[in-house]
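A short write-up of the structure that comes next.
What you see is a predicted model; the values in this text were computed from it and never measured. Sequence positions, counted from 1, serve as the residue numbers for this chain. Values below: every heavy atom of this structure, side chains too, minus hydrogens, waters and symmetry copies.
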Amino acid sequence: MTGPNATSTSSPAAKMGRHRSKSTSGSTYCISSPGAESATLSTPNNAGRSSGEEEEKDGGVLFYVNRTGFPIDGVTWERMWTHVAKVHPDGQDISKIRNAAYLPKHPVPSVPNFKPTMSVPDWLLAIQNYMKTLQYNHTGTQFFEIRKTRPLCGLMETAREMIRESLPIKCLEAVILGIYLTNGLTSVERFPISFKTQFSGNHFHHVVLGVYCNGRYGTLGMSRRQDLMDKALTFRTLSELVLEFEDSYRRYQHTLKKVKIGLYVPHDPHVFQPIEWKYLVLNAARLGREDMRKELEKHGRDMRMKILKSSSAQSPIKERSRGKSLSPRRRQSSPQRRHIHRRDKSPAALDRKPAELSTLTDGYQIRI
């Protein structure tokens, strides 16, 4: 969220002193948004342009993405400092930090450990406090590349890298880190919630991690604004949670344009399936507040019944139908819904027994 009030006042750039490198490969320029979910643009130094680096017009401030990993290469390192010198109010004095003979080593926060005596809200609070300790990234360079089409197992490796490096993060990185730290809580369901808003003619994007447990919804995440990141596990419905975010955006004169709800993320960190980021896409301006509430309640009910299944493991990811429901009472009248690659879970199908392996109907036999 753009604005003067930031969640952190210390300089994350000063934390980067131990990541110098002599490499000379390039990085990618991106577009900053309220929670730092971004669109990528190529730069002259980025000769090898990947398929995800498509030019898009978006509001906000340009920032870079470190695509070369750690240790940070020389080009990315210099580019970060140049950007900080331009945008920081004390940018003229940035050389004092770079040329300092001694810089205090920044503290590495301890990863929270779950204890059997901890309740789920307490554990979620410990995770959120850990991410706040890492701080929001104001350097203009996103340190960890997050590709949404990457398998979950690969994203979990990136989350482990975030813990090792203990550098400031943006909203998309916080979602991946939140998934990693809640994998052991099988009673907590996790799903991404993305927002698109408009302010002063520009569009902004933000994403948080929705959580559901014992009939209550909440979120984990990072943002420049305190009321656009974590929400306590107190909301009875998914619509109440999303509309609370809409009210928060209104306090900053942002108009909510779209809401994207993903599916539950598996707790197994080794699955090769990508995260379903936008199973349900709602046009808030077109639907209106009441219709959007109804659609969110339908989707929330379907998610609780766990009848929504991702097809990304069997087919390429594609945008899902907008504003539809998979409620059991409407399944027969909703031909637009995806039934390909679904297992038949009807009672009749469960009663059917598989054919014996030793004898088949065509007379052949299989010897074991």
Report yes if the side chains of K170 and I146 come closer than 4.5 Å at any heavy-atom pair, otherwise no. no
Check this for me: does any side-chain nitrogen of one of D247 and R289 sit under 4.0 Å from a carboxylate oxygen of the other? yes
Which residue pairs pass the ring-ring contact (aromatic ring centres under 6.0 Å, His included) test when at least one of the two sits in residues 214-243, sequence neighbours left out? Y212-Y217
Measure up the Y264 and F191 rings against each other and bin them: parallel (under 30°), tilted (30 to 60°), perpendicular (over 60°). tilted
Check this for me: does any side-chain nitrogen of one of E78 and R98 sit under 4.0 Å from a carboxylate oxygen of the other? yes
Once side chain to side chain donor-acceptor pair (under 3.5 Å) is applied, what residue pairs with a partner in residues 177-187 remain, sequence neighbours excluded? T182-R190, N183-R190
Could you walk me through whether R150 and T158 satisfy the side-chain contact (heavy atoms from CB on, under 4.5 Å) test, starting with their C-alpha distance in whole Å, then the side-chain angles of each, then the deciding distance to 0.1 Å, before giving a yes or no? CA-CA 11 Å; R150 192 180 181 187; T158 302; 2.9 Å; yes
Whether R250 and E246 form a salt bridge (side-chain N of Lys/Arg under 4.0 Å from carboxylate O of Asp/Glu) is what I want to check. yes
Tell me whether H267 contacts the main-chain N or O of V188 through its side chain, where contact means a donor paired with an acceptor under 3.5 Å. yes
Is any side-chain heavy atom of V211 less than 4.5 Å from a side-chain heavy atom of L233? yes
Please examine the side chains of I176 and M156, heavy atoms only from C-beta on, and report whether any two atoms are closer than 4.5 Å. yes
Ion pair R160/E157, N-O distance below 4.0 Å: yes
